[in-house]
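One structure below.
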Amino acid sequence: MPKMTMIEALRDAMDVKLAQDPKVLVFGEDVGYFGGVFRCTAGLQAKHGEERVFDTPINESAIVGMAVGMAAQGMRPCVEVQFADYVYPAYDQITQEAARLRHRSNEVFTCPLVVRMPTGGGIFGGQTHSQSPEALFTHVAGLKVVIPSTPYDAKGLLIAAIEDPDPVVFLEPKRLYNGPFYGDHSGKSVGWAQHPAGEVPEGHYTVDIGKADIRRAGSDVTILAYGTMVYVAEAAVEQSGIDAEIIDLRSLLPLDLETIKASVEKTGRCVVVHEATRTSGFGGELIAEVQEACFWHLKSPLQRVTGWDAPYPHATEWDYFPGPDRVARALKKTMED
Amino acid sequence: MPKMTMIEALRDAMDVKLAQDPKVLVFGEDVGYFGGVFRCTAGLQAKHGEERVFDTPINESAIVGMAVGMAAQGMRPCVEVQFADYVYPAYDQITQEAARLRHRSNEVFTCPLVVRMPTGGGIFGGQTHSQSPEALFTHVAGLKVVIPSTPYDAKGLLIAAIEDPDPVVFLEPKRLYNGPFYGDHSGKSVGWAQHPAGEVPEGHYTVDIGKADIRRAGSDVTILAYGTMVYVAEAAVEQSGIDAEIIDLRSLLPLDLETIKASVEKTGRCVVVHEATRTSGFGGELIAEVQEACFWHLKSPLQRVTGWDAPYPHATEWDYFPGPDRVARALKKTMED
Amino acid sequence: MTQKPKLTFPQPPARPDEAPDFSSIDIPPAGALDVPPLDLQASDSRDYANGMIRVLNDEGDAVGPWADYIADLDPDALLQGLRDMLTMRAVDQRLLNAQRQGKTSFYLLCTGEEAIGCGFQRQLDQGDMNFPTYRQQSLLIAADYPLRDLMGQIYSNECDPLEGRQLPIMHSSRDYGFFSISGNLGTQYVQAVGWAMANALSNNGQIAAGWIGDGATASNDFHAALLSASVYRPPVILNIVNNQWAISTYTGVATGGSRTYASRARGYGIPALRVDGNDYLAVAAVSKWAVERARAGHGPVAIEWFTYRVAAHSTSDDPSAYRPKDEASAWPLGDPVERLKAHLIQIGLWSEERHVQAQAEILDHVTTVQKDVESYGTFVNPKPTSPSTIFKGVYAEMPDHLRRQRQEMGF
Amino acid sequence: MTQKPKLTFPQPPARPDEAPDFSSIDIPPAGALDVPPLDLQASDSRDYANGMIRVLNDEGDAVGPWADYIADLDPDALLQGLRDMLTMRAVDQRLLNAQRQGKTSFYLLCTGEEAIGCGFQRQLDQGDMNFPTYRQQSLLIAADYPLRDLMGQIYSNECDPLEGRQLPIMHSSRDYGFFSISGNLGTQYVQAVGWAMANALSNNGQIAAGWIGDGATASNDFHAALLSASVYRPPVILNIVNNQWAISTYTGVATGGSRTYASRARGYGIPALRVDGNDYLAVAAVSKWAVERARAGHGPVAIEWFTYRVAAHSTSDDPSAYRPKDEASAWPLGDPVERLKAHLIQIGLWSEERHVQAQAEILDHVTTVQKDVESYGTFVNPKPTSPSTIFKGVYAEMPDHLRRQRQEMGF
Ligand SMILES: Cc1ncc(C[n+]2csc(CCOP(=O)(O)OP(=O)(O)O)c2C)c(N)n1
Ligand SMILES: Cc1ncc(C[n+]2csc(CCOP(=O)(O)OP(=O)(O)O)c2C)c(N)n1
Ligand SMILES: [Mg+2]
Ligand SMILES: [Mg+2]
């Protein structure tokens, strides 16, 4: 099987769909001729033509607003927002328009579109290139919210998202574009070629939206993570020696509560990890659901390890980023409680 | 003491501050000459002049963006967004600009502004006049988020918000503008003149941002609520006969965790009620905090009673609105568990 | 002439305690402007953007090049136009009454603006799509949308195609070229551009039309729409209904220093025209021209329809608090129904008697449908739609958490 | 000429494998445009918005009415302008090198655009406020901002006034009239309008200046800013730096069918001018005029500065992937430093020798400060700011939950 980085896997997903379905369109800022600032769409315009893959003005509301109109008229737009930090001008179109169009029209108009955006920190991007805004989308009925942590999932989920009849917010952990990242403060990571999940089948396949992945079986405690934090959790498990079960949620909305429940009922303990600010982050939702579903199995309080409730800093990035040390500490605490 | 509706109390707060501090400005759509579609600013332009109270074009991003610039230059803008459902075009300016200006400039530029907005349903307004977007603001470091449930608190909190050195999102439960609302499906409510909290002192006073209010002492279960849901909770307690302690949070960010903790440690049970959609609503955050702080005191799973994860409907509003029946059911369930 | 910087606050011509005053509004004579070529460029559209295309003069004659442009419109089409407007007015009146009687929660009239939607819609083809605001019910009337569906939506009962989900007036009908209305102002405008882009990409020969109010031109998506239309040049007509008011706010607060909304659009490199929106013939003529232009591949065009919001903003509004009560009657462009009627009488196609009779027939028809629809339930006599519609169509397939919530609700 | 609707996709004049081609750019002769009255109206600004104000001709002479307008500029001011630009270029080069050596995470040059910020800033007074983008470091240089602070920000060390919070280049200095930069494009533009409104309301005699790139004119807040400036008319100068590129995207994708960005602003009823941004004298003259105008209470004005982004977008970018490598050298407006230098030599104020000497002195000075600042730590040799700065200044008073988090962090 070919090895791909996450960038290549995402590009391949779009390539497959562009070739397969003339209704699929790809556009965004710098997405066309140049192929995107992260090169996710490199070569796609040359291959599929400017009518299918094109550059847009710097107006995220226009990008998504056009996509809503196109999607309602039968297209399958897959648009890029250059950084998740710049999605806010499009927040109205995504949450008030795309999300509710099917419902408000009694299913006569629908909105099958994908909004891709690089998310998360770890690249010294400061407060406007590091944000993790997933909770701002999981609160919105009508949206789906997914976030892959491997090239394999990235391609399979993106194809599934493009084929989905409803709008999907597709978060790409940019720190994982070129390789898994375990939270090493040197910032270094090995490439995907060295990782089994870097093996990506050619052609068409999908990964179901709404299904979590048990990344590591374990019996002491359940770790709920997604995106970059899946690897940080792996590092923390190694560091702490605690036999944790790591669940990569992959899809935040809808959530695979069954898989989570089965795990926490088994372990009786649960640590939630995300990079976004803590207050009202998606971790709150996870804890609320888990305690309700598994209350009588719980042996200790559910823990959250998250970004601090402050803007994402530049120089002190590693003090903000919830790294393996903090996760390991939470694991120990939950075992002691 | 004079009796005031919540509308009058809010107006009085702005009037007091406009008179007291020449830096205070009030503006928004239809806010000036006409005095706002809910009449919250009626008479203020005539009294304080058009330079202090004025109409704006229909552009929420411009309203808040101008306010950010004014606030940084020493003004104290208190702006109105006509409905919370229309705040999204301003979401970028509120969350990326106002919220972070103090931090990103190392406290050289600051942003003391208030964004008022009517929130919540119960007025047959359909999906774009009924939303409760509080959780979209509580996730943002640098913001304060408050929501009064009485005329007394409305005035005191609004004055505190205008005087606050940081940006405050001020949510006004529009269903409470004219009187407390206990969830009666006839939609009727008695006026504030009949309610003790309708007594509002003249002149200047403040209610501290960050302090919850115990609205009813009780020993069986703690109900965490805010805005309209405070009254729904009262009705549910009456209906169920369960001796619940009702806490009106008043301030969601910062949160008065101490008051909450003391109560739940006492009761061992907790039901959270809000009107916003359930998934990733502020209830998730509350439950996550409460279970962490009070885990060893909990006698049953924490419950959420919320709006459904669907757009706010028009005709079937009362089936969406989390009314006393649903809250009473949750109270019973938590007592049985 | 140096002065201290001082802010300006645009003012309406008159407030409640004053006499209506439209003296500062410049009304060019009918027939003054040419019909430009279909491939009109923005740079050549200055006079159209700053002037006003008018066909019917004060005497009720159709004059000038735009009159010639639609000279081939057959008499039935003109009569149909009048009937459309009369129907619209009857429907508005009946539904306003229903709201006053508590039979529905909300309503909103388009009185005075009927010519715009009615005249425009009749120039469209099946498959073309409007992206309307809440004040373009006239598009539905002229599309022969079943009154039963239209009224059903207002009563949120079994006849409502939207099953009670949406606030009254938030219609939606794909078959009748009427995109689902959003309460959030402006958003539809850029969606119209996207839809038109999809049309061009699929080569289906269809066009799209965006609609926006003068007040909502201030919204960000007005800019997003003009900009993207200017860049990609899809077959879209960008309509601006300038009815002088945005709830209580005078149009000057949205115009600022721009000469006209059309001229603002022209700044984006989009050819723009300004039209007497109370002149059915001008509306029909310019709409026909714009539709032809868009369909022929000459790119976007913007049209400012100049009119007056005769009614309150909605049933929640009382305009006497912010403008003179008699301002509507002072409106210099008159009433669109009266003007078309006068013209039809003038050319011998119509008479006072036939008018009275037509009004009665239309009212009768509207009332009959209304009674029937009301028999399916109203706000005072509810037979509500099932609460489970709340969960229907949030997603194509209902996810588990919604299924659990529906069960919790009891369904 | 009927055709099928087909989308257009604006194209740059040349791609990497092609020869640079600016033949479609119309460069009017220097001196062609008048100096308008300070109370210029939008309607009278057409020629200024579509033309281009230029002072320095190809021979290095200052010609025409705008040259006369700043004839009283003393020789020191001209020499200062040259020194400002040379300093800017030296700082940019040194910091680019530092980034290449891994001493900082990110940098971004303004090469080719130095005249704009340098020439503008020198016309402002203490108390006036710029709302810049990330490419207006030249404003700081010409405001005599301490190089130590400027470089400290780049190294995120103890010398950084922002204590490492922000990405390098996101400067902030109230005292030097430089508003805290946001990474979110466009937002500052409407804030500038609000700040200027506060100025007018407090009657403090100060003005504000918004800055935006050609690409970012597409953002919603560009519209929000023009609209609100047009409505309230505060003392604000709305600058548009058209450097032909937005990362890899040609300016045509933001212009669409608009003739110029200035003409788009004119559509909002704001008088607008287009200026040769590589001509220090034109910049100084038009800035002086605009500042005087704003301060005198004539309301907002928009200025499009026409220039070319010679450098890569940032250290993360390689422009050879999307435009000809030698495009900069083909840019018809030349290099601002060279042009001013030539003029100064021409009028006998300067010589090649003095130039070389000045360059060396400046580089020396910049390098000395840089070394000193680097001694406080760099990315390869970090002495990081305390992590507890993360929690400092999120709010004026630290709330309990942040105190708990800071403790959890260990502080
Ligand atoms: C984003 C947004 N902001 C505010 C509102 C509230 N609102 C509804 S209608 C209206 C006035 C619109 O005026 P105009 O565009 O002129 O349309 P008209 O009512 O005159 O047809 C306002 C402010 C809204 N619906 N959406
Ligand atoms: C809202 C937003 N969208 C996208 C970006 C990413 N971005 C940063 S700079 C840039 C290009 C800006 O080009 P232009 O305005 O012409 O300024 P220049 O770099 O040429 O000075 C883009 C797209 C951003 N910072 N903010
Ligand atoms: Mg209007
Ligand atoms: Mg640029």
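Naming: A, B, ... by sequence-line order, numbering from 1 per chain. Note that the structure is a prediction, hence the values are computed from the model and not measured.
Contacts of D:Ile390 with chain A are made by both backbone and side-chain atoms, with heavy-atom separations under 4.5 Å. Heavy atoms of D:Tyr322 lying under 4.5 Å from chain A belong to its backbone as well as its side chain. If you measure heavy-atom distances from D:Ala246 to chain A, the contacts under 4.5 Å come from both the backbone and the side chain. Of the two parts of D:Val394, only the side chain, counted from C-beta on, holds a non-hydrogen atom closer than 4.5 Å to a non-hydrogen atom of chain A. In this structure, the portion of D:Leu402 lying under 4.5 Å from any heavy atom of chain A is its side chain and not its backbone. Neither the backbone nor the side chain of D:His313 comes within less than 4.5 Å of any heavy atom of chain A. Proximity to chain A involves both the backbone and the side chain of D:Glu408, based on heavy atoms less than 4.5 angstrom apart.
Note that NE2 of D:His223 is 10.5 Å distant from CG of A:Asn59, once rounded to the nearest 0.5 Å. Here the OG atom belonging to D:Ser316 is positioned 8.0 Å from the CZ atom belonging to A:Phe38, to the nearest 0.5 angstrom. For the atom pair OG of D:Ser105 and CD1 of A:Ile123, the computed distance is 9.5 Å after rounding to the nearest 0.5 Å. Taken to the nearest 0.5 Å, the OH atom of A:Tyr86 stands 6.0 Å off from the CG atom of D:Asn184. One distance of note links CD of A:Gln127 with CD of D:Gln166; it measures 4.5 Å at 0.5 Å rounding.
Contact of the A:His129 side chain with the D:Leu167 side chain is registered, since non-hydrogen atoms from C-beta on lie closer than 4.5 Å. Between D:Ile247 and A:Gln82 there is a side-chain heavy-atom pair separated by less than 4.5 Å. Inter-residue side-chain proximity for A:Glu50 and D:Gln11 is flagged as met; some heavy-atom pair is nearer than 4.5 Å.
The contact list for residues 326-335 of chain A toward chain D, using heavy atoms and a distance under 4.5 Å, reads A:Arg326, A:Arg329 by residue number.
Note on ring orientation: taking the six-membered ring where Trp is involved, the planes of A:Phe54 and D:Phe9 are tilted (angle from 30° to 60°).
Between chain D and the options A:Asp319, A:Thr128, A:Asp309, the largest number of non-hydrogen pairs under 4.5 Å is found for A:Asp309.
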